[in-house]
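Encoded as structure tokens, the structure appears first; notes follow it.
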Amino acid sequence: MEISVNLSTRFPHILSSPLPSSFSAGSSLPALRPSHNSATAAKTTITIVVKEQTPATALISRRNHKSNSYLSRKSAVLQVQQSSDLASSLQRFGGILKVQDLNAILRHFGEQNRWPDLSQLFNWMQQHGKTSVSSYSSYIKFLGKSLKPLKALEIYNNITDESTKTNVFICNSVLSCLVRNGKLDSGIKLFDKMKQNGLTPDAVTYNTLLTGCIKVKRGYSKALELVQELKHNGLQMDSVMYGILLAVCAANSLHEGAESYFNCMKDEGHSPNPFHYSSLLNAYSSVGNYEKADELVQEMKSSGLVPNKVILTTLLKVYVRGGLFDKSRELLAELDTLGYAEDEMPYCLLMDGLAKAGRLDEAKAVFSELKEKSVKSGKSPPLDDDLFLQDL
DNA sequence: ATAGGGTTAG
């Protein structure tokens, strides 16, 4: 059976809008070929050949239908992601998108820091009943990243379904959002409520709260309480947990505690990674113990790890705190050679140490070097020559 | 289908 159709009159939108980029020629479109049997037809007339279906072709047809719907969903995801008018593209494509597609778009917006789009999409998903647990945990995580902990709490508090409210992923997201925004105490209070409501915390839950102990006063004793609780709940210490505890020790200048956790984790069969080495080095920096720091970096190298920018910058901090300024300058030169001195941090470390040791001329010399090299200043305000000299 | 956790300065 053959049917001739004039596409330009029947399906004008096919001709006027470009095919989505994910369509490749001849992929899984119905058999289309130009009409040869009508000399009078316009160029846009094509013939669609519809073959009679046998059971076998029916199966193929069902498969093609499935893959067509997958292709059109995939292209709709791209259209929505790239759209400059989210509301209208959701109106156009929202109907064919499944929750998992919308979650992928949500994560895409979050990774690109497109906060207004993120919220607009989540609102749309809620209004159309197209959310899952993953939507909530992703959205709340990104609200934490965009510094909107109150908004995250509002979303969480408006969840009515009890099992959703005590879902460990969602709870971890909310807690992480609070901790990230400096609200550890509120986080711990909420954590207690969550447990009362039936949350079974896991290692990630505890690690989230332990992270909050890094930059907080009395953080070490809070961390110890959490460790006690997680062990009581039958949870094991994992590699990330050791990393956080090492950071807590470093932040509280507890180099002996850090050393003991470091050895403990090795005894339990966890190989230290750059995070662990960096935190232990940082703990050594508080007492300027450069012998132990050098030894540790050697150990790191012989384990097959290459010291990265953070490791070498932290080692510089140890040298500076230990008063080894010649060694510090050598290491700073090495950092520069490796391309690790593109921002101001290592220079600031050295200048700070020199200034505190009363070696002002040397500090000024480092400052001049910093200015000559057009070093980037990151988040902090640019260094001002006059202000700096005033401080000296 | 499938989300949530760790490192460097003042």
Side-chain angles (χ1 to χ4, degrees), chain A residues 98-104 106-107 110 131-145 152 156 164 167-180 187 199 201-215 223 226 230 235 237-251 258 261 265 270 272-286 293 300 305 307-318 320-321 335 340-341 343-353 355-356 363 377-381 383 387-388 391:
Chain A
K98 298 193 174 183
V99 174
Q100 71 231 45
D101 304 323
L102 293 158
N103 287 344
L106 197 71
R107 272 178 265 128
T131 54
S132 65
V133 169
S134 315
S135 327
Y136 279 89
S137 66
S138 298
Y139 183 52
I140 291 170
K141 175 184 81 170
F142 289 122
L143 286 176
K145 272 188 77 179
Y156 178 72
T164 307
N167 175 281
V168 71
F169 285 91
I170 293 181
C171 290
N172 291 346
S173 284
V174 178
L175 294 174
S176 138
C177 176
L178 294 177
V179 160
R180 211 191 262 264
L199 164 70
D202 65 6
V204 176
T205 319
Y206 286 104
N207 286 342
T208 302
L209 295 171
L210 283 169
T211 302
C213 299
I214 297 174
K215 286 179 180 171
L226 288 165
L230 74 92
L235 293 169
M237 302 275 286
D238 67 22
S239 177
V240 173
M241 204 172 281
Y242 278 114
I244 301 165
L245 289 170
L246 285 166
V248 172
C249 288
Y261 279 122
M265 66 170 282
H270 301 287
N273 65 22
F275 286 81
H276 304 110
Y277 283 107
S278 151
S279 292
L280 183 53
L281 276 178
N282 198 18
Y284 288 146
S285 81
S286 62
M300 181 182 179
L305 293 170
N308 62 20
K309 180 175 161 179
V310 176
I311 296 290
L312 293 178
T313 307
T314 310
L315 183 62
L316 177 71
K317 190 175 153 189
V318 183
V320 168
R321 294 284 162 84
L335 280 161
Y340 293 163
D343 61 55
E344 64 187 11
M345 193 197 287
Y347 296 93
C348 286
L349 276 171
L350 181 52
M351 279 190 291
D352 182 58
K356 281 176 180 159
S377 56
K379 289 175 203 163
S380 41
L383 278 176
L387 277 177
F388 182 73
D391 285 341

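We use all heavy atoms of the structure for the numbers below, so side chains are in, but hydrogens, waters and symmetry mates are not. Letters A, B, ... are given to chains in the order of the sequence lines, protein chains preceding strands, and every chain is numbered from 1.
Rounding to the nearest 0.5 angstrom, the gap separating the OG atom in A/Ser278 from the CG atom in A/Asn308 is 7.5 Å. Taking OG1 of A/Thr205 as the start and CG of A/Leu235 as the end, the distance is 8.0 Å to the nearest 0.5 Å.
Using a 4.5 Å cut-off on side-chain heavy atoms (C-beta onward), A/Tyr340 and A/Pro346 make no contact. Put simply, the side chain of A/Arg180 reaches to within 4.5 Å of the side chain of A/Lys145, judged on heavy atoms.
Counting non-hydrogen atoms under 4.0 angstrom, A/Asn308 reaches nothing in the nucleic acid. A/Leu281 comes within 4.0 angstrom of nothing in the nucleic acid, heavy atoms only. Nucleic acid contact class of A/Thr211 (heavy atoms, under 4.0 Å, all strands): sugar-phosphate only. Using a 4.0 Å heavy-atom cutoff across all strands shown, A/Val99 reaches no nucleic acid atom at all. Contact annotation for A/Ser239: base contact, defined as any heavy-atom pair under 4.0 Å involving a base atom.
If you take CG of A/Leu178 and P of B/dG4, they are 16 Å apart, rounded to a whole angstrom. Here B/dG4 presents its P atom at 17 Å from CG of A/Leu199, a figure rounded to the nearest Å. Nucleotide B/dG4 holds its C1' atom 15 Å from the CG atom of A/Leu235, rounded to whole Å. In this structure, A/Leu245 places its CG atom 14 Å from C1' of B/dT7, rounding to the nearest Å. B/dT7 atom C1' lies 16 Å from atom CG of A/Leu316, rounded to whole Å. Whole-Å rounding puts the A/Met345 CE to B/dT8 P distance at 9 Å. In this structure, A/Leu209 atom CG and B/dG4 atom P are separated by 17 Å, rounded to whole Å. Atom CG of A/Leu312 and atom P of B/dA9 are 15 Å apart (whole Å).
The side chain of A/Thr313 has B/dT8 as its nearest neighbour among B/dT7, B/dG4, B/dT8. Here the nucleotide nearest the side chain of A/Val240, chosen from B/dG6, B/dG4, B/dT8, is B/dG6. The side chain of A/Ile244 lies closest to B/dG6 when the candidates are B/dT8, B/dG6, B/dG4. In this structure, of B/dA3, B/dT7, B/dT8, it is B/dT8 that holds the atom nearest to the side chain of A/Lys317. Checking B/dA9, B/dG4, B/dT8 against the side-chain heavy atoms of A/Asp202 singles out B/dG4 as nearest. Side-chain proximity of A/Gln100 to the nucleotides B/dA1, B/dG4, B/dT7 is greatest for B/dA1.
Residue-to-nucleotide contacts include no donor-acceptor pair under 3.5 Å from the side chain of A/Thr314 to the base of B/dT8.
Without hydrogens or angle criteria, A/His276 side chain to A/Ser239 main chain gives a donor-acceptor distance under 3.5 Å. With hydrogens and angles ignored, the 3.5 Å screen pairs a side-chain donor or acceptor of A/Ser135 with a backbone N or O of A/Ser132. Formation of a donor-acceptor pair under 3.5 Å by the A/Ser173 side chain with backbone atoms of A/Ser137 is found in this model.
Judged by ring centres under 5.5 Å apart and planes tilted less than 30 degrees, A/Phe169 fails to stack against the six-membered base ring of B/dG4.
Residues from residues 136-144 of chain A placing a heavy atom under 4.0 Å of any atom in DNA chain B, listed by number, are A/Ser137, A/Ser138, A/Lys141.
Contact annotation: A/Arg107 reaches the phosphate of B/dT2 (side-chain N/O to OP1 or OP2, under 4.0 Å).
The pair A/Asp352-A/Lys317 fails the salt-bridge criterion, with no side-chain N (NZ, NE, NH1 or NH2) lying under 4.0 Å from an Asp/Glu carboxylate O.
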